[in-house]
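Accompanying notes for the structure given below.
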2 protein chains.
Amino acid sequence: MTIAEVSKEYNLTPDTIRYYEKEGLIPRVPRNKSGIRDFDENSCRWIEFIKCMRNAGLSIEVLSKYVKLMGEGPKTASERKKLLEDQRDILLKKQKDINETIDRINHKIQIYDDIVKGKREDYILEP
Amino acid sequence: MTIAEVSKEYNLTPDTIRYYEKEGLIPRVPRNKSGIRDFDENSCRWIEFIKCMRNAGLSIEVLSKYVKLMGEGPKTASERKKLLEDQRDILLKKQKDINETIDRINHKIQIYDDIVKGKREDYILEP
DNA sequence: ATATCATTTAGAGTATACTCTAAGTCAAGT
DNA sequence: ACTTGACTTAGAGTATACTCTAAATGATAT
């Protein structure tokens with residue numbers, strides 16, 4: 001698979017994919033004789049995995065560290081576990097923050113709905 | 001309330017608070033005769049609100065827009081409602097992404113736990 | 001009166017994560 | 001042979017959100 005195909009498949013620009021490889025977010029992608037990347041299934045799985053993690057907000061630095069540990073073999077398993085636990089805890093916190101914010105926003109939407117329908121007066125400058 | 005007190009109360013640096021005011025994330029804070037900010041209850045409520053929104057990931061640009069609309073009075077109520085609905089939809093998507101990622105991470109943690117306990121072999125370079 | 005300390009501003013600097021540019025290589029089509 | 005078009009690289013540029021610096025001002029303590 002060429003970088004253009006992978007780009008389309010995962011909706012990431014070729015630049016981003018190359019950047020991810022350079023930063024070590026995905027292990028070295030196989031190349032053909034002229035040095036052009038030829039993504040195999042494993043590379044694609046990595047890209048999908050990294051995209052998922054990035055969508056949730058994990059940093060380039062953390063993901064790079066994780067891939068590095070993967071490359072160092074079984075002896076890093078417990079360190080990888082710790083890293084994932086830390087990131088999960090951060091995501092659980094983020095989940096809480098987002099839930100709280102959604103609730104507040106929904107409450108405000110309700111108020112604006114009332115205002116728009118003339119059932120309520122608008123606020124002044126209060127949040 | 002001085003900026004130092006507000007900084008402590010909401011765990012934001014004075015620089016960040018000044019930056020938020022400059023970018024219009026909070027309406028103009030009252031000043032004393034020598035030009036020093038003297039945060040009243042309304043300013044504090046705004047800061048708490050903005051902090052909550054920023055924690056959930058709403059951008060400076062969007063929040064600045066929202067505060068600007070607030071300042072323009074009741075006629076912008078429906079525009080504000082639309083803005084909040086858009087942001088809520090983004091947060092709902094983010095929530096989904098995070099849930100998916102937490103599930104995947106938990107699954108991996110389980111696998112690493114087995115590996116660390118010698119119940120399973122480590123993977124090679126698969127995500 | 002003077003030193004100390006918090007505050008103010010404008011504007012420069014930093015971190016993160018891309019995104020673009022320029023110059024070059026290579027395979028395929030005409 | 002030559003153009004086209006996709007790919008390559010290093011490195012510069014951009015967007016976002018702070019964070020720091022420097023110089024000035026004002027209130028308080030000695």
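These numbers come from the heavy atoms of this one structure, side chains and all, not from hydrogens, waters or symmetry mates. We name chains A, B, ... by the order of the sequence lines, and we start the count at 1 in each one.
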First of B:Tyr19 and B:Ile36 reached from the 5' end of DNA chain D, by closest nucleotide:
B:Tyr19
Contact class for B:Arg18 vs. all strands (heavy atom < 4.0 Å): base, sugar-phosphate, or nothing?
base
Can any side-chain N or O of B:Thr101 pair as donor or acceptor with the backbone N or O of A:Met53 at less than 3.5 Å?
no
5' precedence on DNA chain D between B:Lys33 and A:Pro14 (nearest-nucleotide basis)
A:Pro14
B:Lys22 NZ to C:dT9 C1', in whole Å, measures 9 Å
Under a 4.5 Å cut-off applied to non-hydrogen side-chain atoms, are A:Gln87 and A:Tyr66 in contact?
no
Comparing B:Ser34 and A:Asp15 on DNA chain C - which has the more 5′ nearest nucleotide
B:Ser34
Can you tell me if B:Glu21 uses its side chain to pair, donor with acceptor, with the backbone of B:Arg18 under 3.5 Å?
no
Can you tell me how far P of C:dT8 sits from CG of B:Asp38, to the nearest Å?
10 Å
Check ion pair A:Glu72-A:Lys68 (N to O, under 4.0 angstrom):
yes
Would a distance-only check, ignoring hydrogens and angles, find a side-chain to backbone donor-acceptor pair under 3.5 Å from B:Ser64 to B:Glu23?
yes
Nucleotide range of DNA chain D lying under 4.0 Å from chain A heavy atoms
D:dC7 to D:dT9
Can you measure B:Arg31 atom CZ to C:dT8 atom C1' for me and round it to whole angstrom units?
8 Å
Apply salt bridge (Lys or Arg N to Asp or Glu O under 4.0 Å) to the pair A:Arg104 and B:Glu48, showing each step before the final yes or no.
CA-CA 12 Å; A:Arg104 280 178 89 155; B:Glu48 191 277 328; 2.9 Å; yes
